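These notes concern the structure reproduced below.
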Amino acid sequence: MDNLLELKNVTKIYEGGVLANHNISFSVREGEIHALVGENGAGKSTLMKILYGMESITSGQIFLRGKEVKFSSSKDAIAHGIGMVHQHFMLVDSFTGAENLMLGYSGARFFSNKKADIEETNAVAKKYGFVIDARRRVRDMGVSMKQKLEIMKILYRGSKIIILDEPTAVLTPQETEELFERLIELKKSGMTIIFISHKLNEVKRISDRITVLKSGKTMGTYNTADISEEDISNLMVGRVISFEYDKTPLVSGKELLRTEHLKYKDMFGVIKLNDLSLSLHEKEIVGIAGVEGNGQNELVEIITANLRALSGKVFYKGEDITDKSIGDVRRRGIASIPEDRMFNGCAGNMSISENIIAADISTFEDKNKLLNKNRIKNYSKELIKKFEVKTKDENQMIKSLSGGNIQKAIVAREFSTSSDLLILNQPTRGIDIGSISFIHHKILEMRDAGKGILLVSSDLNELIALADRILVMYKGRIVASMDNKTKVNEQELGLYMLGIKDQGEAV
Ligand SMILES: Nc1ncnc2c1ncn2[C@@H]1O[C@H](COP(=O)(O)OP(=O)(O)OP(=O)(O)O)[C@@H](O)[C@H]1O
Ligand SMILES: [Mg+2]
């Protein structure tokens, strides 16, 4: 196969002096799936944004079919057949699927024609085997549908080189399977795909070759068949990471959280929570498993007061908190990591420091109610260090951190409050293997220190590694409660998740 694309000595220094890419050279062959891996902040997204014309190159060259190209914007890259799906989606929330597909498309009709746009969108979906609802507004779509729409947008514009920045971070195992099937189809039809992921087993499965980045430099390109997961891990973080932990036996304490008969219907009238009751104690990690969209997010949102249940109650330490505000719930001692960290996890235009103290500003006020700047600075520095957030300093705007480092900053904030209960919704999504292991240890430490943890995760290995009990949600109900003392069987878990098995009244 020929080199379709070649990057030579690419260096990127961001304003402010961050050296994100240092002399990176690598090539991509026509028709291959080329994986790009590396720890958080290694420079993967930056390199791809340069290739996509979104970030300027500080020095170096890009060759497409042997010819040097210079892109001054994504428009140039798109014109050369390069498309990118970003780590954080870039769709217009208030627009429908069809409107998003047409947006900015040069071949769009002069007069808008909704019906024709919807038909066109459905035709594109059909052509590439995607199932999406063209009429639905993006804000009402789940992540998987949003992602399909993003990929369709690229294909619709005729891209032949598709860059996917952590496409599976937000998908369930089933959705990942589906995406991989699509990618293999696209590869067969002659597309070239660059695929970024932290999940090494996926990278092993889907890619032909792998390039490893570390601290802005390349550690080489390898044939996937010739390199093991352990080898990749070693190249990325300098050691082999294991997710086997020695857990102390469960000695759960007093009840912290209880939900009683929660019911919730979404705006389409779909029942998202159907008489859901659960209880969680001190020193206990309760895992929630389920295919996305079975009510997990609604449950979390209701407990944290971001959403109101139709009926049912939430109790924290015996007190009814069903109708309390978000602030009240936090002040009572419930910390949380939301699923969508860019949307409601942080304030992008504020510094890391401001984001870190946002959880509990009052503790940084002195007697005169003035913020104690020194204390804030020291506290931020301490957390940045402890949680290994890769940043220039505490004043860096949070949105200019790498994806995984934004997540680490939010984790640092939420794990450092005095809360007794933590609601974690996909806490390690988009985080590199080294940092996942670090965060897992922190979660276990907090459990041992007496906190209670509700862990919602689409990563079954994560649930099995950490949870004391795993509850499986299916269509808004808990269909199974599994003791995870001796690790539960993943296959069986899958049967409950798909609704094939159900413990019924026994739960
Ligand atoms: N707009 C920006 N301004 C300044 N620094 C930036 C900007 N964007 C990224 N960086 C820095 O560049 C480095 C590389 O970031 P990049 O987003 O490319 O990492 P990544 O490999 O994609 O990591 P992740 O796995 O966390 O997504 C990081 O140190 C990051 O803080
Ligand atoms: Mg990235």
Side-chain angles (χ1 to χ4, degrees), residues 7 10-24 26 34-58 60 74 84-90 147 150 163-170 194-200 202-203 210-219 232-233 235-237 241 341-342 345-346 348-353 355 380 384-385 387-412 426-439:
L7 277 73
V10 172
T11 291
K12 171 69 185 180
I13 304 173
Y14 279 108
E15 249 171 77
V18 179
L19 176 61
N21 292 156
H22 188 201
N23 236 349
I24 295 180
F26 90 109
H34 194 119
L36 196 58
V37 301
E39 86 282 36
N40 294 130
K44 306 178 295 294
S45 297
T46 301
L47 191 65
M48 290 302 107
K49 282 182 196 161
I50 290 175
L51 183 55
Y52 186 53
M54 251 183 98
E55 283 290 354
S56 62
I57 192 166
T58 308
S74 320
M84 177 164 177
V85 175
H86 296 277
Q87 200 164 354
H88 306 294
F89 296 146
M90 300 207 165
Q147 183 178 68
E150 289 269 25
I163 306 166
L164 301 171
D165 194 350
E166 296 195 39
T168 59
V170 291
I194 305 179
F195 173 84
I196 301 180
S197 174
H198 287 293
K199 299 178 188 168
L200 302 185
E202 292 181 351
V203 163
I210 302 175
T211 295
V212 184
L213 297 189
K214 185 174 196 292
S215 311
K217 295 190 183 135
T218 168
M219 304 290 285
I232 307 171
S233 168
L235 285 166
M236 273 176 63
V237 291
I241 305 282
R341 58 191 179 232
M342 291 311 283
C346 66
N349 286 323
M350 285 163 78
S351 68
I352 306 182
S353 178
N355 271 285
S380 310
I384 286 169
K385 192 157 168 242
F387 286 83
E388 299 166 6
V389 182
K390 197 175 166 207
T391 169
K392 201 158 79 58
D393 58 39
E394 74 281 3
N395 299 318
Q396 191 173 341
M397 238 195 264
I398 202 156
K399 73 170 181 201
S400 74
L401 293 181
S402 79
N405 280 294
I406 295 176
Q407 178 80 339
K408 282 203 259 175
I410 297 168
V411 167
Q426 317 287 359
T428 57
R429 176 176 283 175
I431 290 194
D432 69 49
I433 44 176
S435 306
I436 288 180
S437 149
F438 175 83
I439 288 175

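Both ligands and their constituent atoms are indexed starting at 1 by order of listing. Quantities reported herein were computed from a predicted structural model and do not represent experimental measurements.
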Is any side-chain heavy atom of [X] closer than 4.5 Å to a side-chain heavy atom of [Y]?
{"X": "Lys199", "Y": "Val203", "result": "no"}
{"X": "Ser215", "Y": "Glu39", "result": "yes"}
{"X": "Thr46", "Y": "Tyr14", "result": "yes"}
{"X": "Asn349", "Y": "Lys399", "result": "yes"}
{"X": "Ile431", "Y": "Ile439", "result": "yes"}
{"X": "Met236", "Y": "Met219", "result": "no"}

Residue part near ligand 1, for Asn40, under 4.0 Å between non-hydrogen atoms: both
Which protein non-hydrogen atom lies closest to [atom], naming both residue and atom, and how far is it?
{"atom": "atom 29 (O) of ligand 1", "result": "Val18 CG1, 3.9 Å"}
{"atom": "atom 23 (O) of ligand 1", "result": "Gly41 N, 2.8 Å"}
{"atom": "atom 17 (O) of ligand 1", "result": "Ser402 CB, 3.3 Å"}
{"atom": "atom 27 (O) of ligand 1", "result": "Gln87 NE2, 2.9 Å"}
{"atom": "atom 7 (C) of ligand 1", "result": "Ser400 O, 3.1 Å"}

Just which atoms of ligand 1 are under 4.0 Å from any heavy atom in [X]?
{"X": "His198", "result": "25 (O)"}
{"X": "Ala20", "result": "12 (O), 13 (C), 14 (C)"}
{"X": "Thr46", "result": "14 (C), 15 (O), 16 (P), 18 (O)"}
{"X": "Gly404", "result": "24 (P), 26 (O), 27 (O)"}
{"X": "Leu401", "result": "31 (O)"}

Backbone or side-chain N or O of Glu55 under 3.5 Å from ligand 1 N or O: no
Closest contact, heavy atoms only, Asn21 versus Gly43: ND2-O, 3.1 Å
Phe89 to Gln147 - nearest heavy-atom pair and separation: CZ-CB, 3.6 Å
Between Ser402 and Lys390, a side-chain donor and acceptor under 3.5 Å: no
Check: Ser56/Lys12 side-chain N/O donor and acceptor closer than 3.5 Å: yes
Set of residues satisfying side chain to side chain donor-acceptor pair (under 3.5 Å) with respect to Ser45, sequence neighbours excluded: Gln87, Asp165
Thr211: partners by side chain to side chain donor-acceptor pair (under 3.5 Å), with sequence neighbours left out: His34, Thr221
Any Gly43 heavy atom less than 4.0 Å from ligand 1: yes
Ligand 1 contact by Glu166, heavy-atom criterion under 4.0 angstrom: yes
Test side chain to side chain contact (heavy atoms under 4.5 Å, CB included) applied to Asn395 - qualifying residues, sequence neighbours left out: Asp393
Neighbouring protein N, O or S atoms of the Mg ion (ligand 2), below 2.8 Å: 2
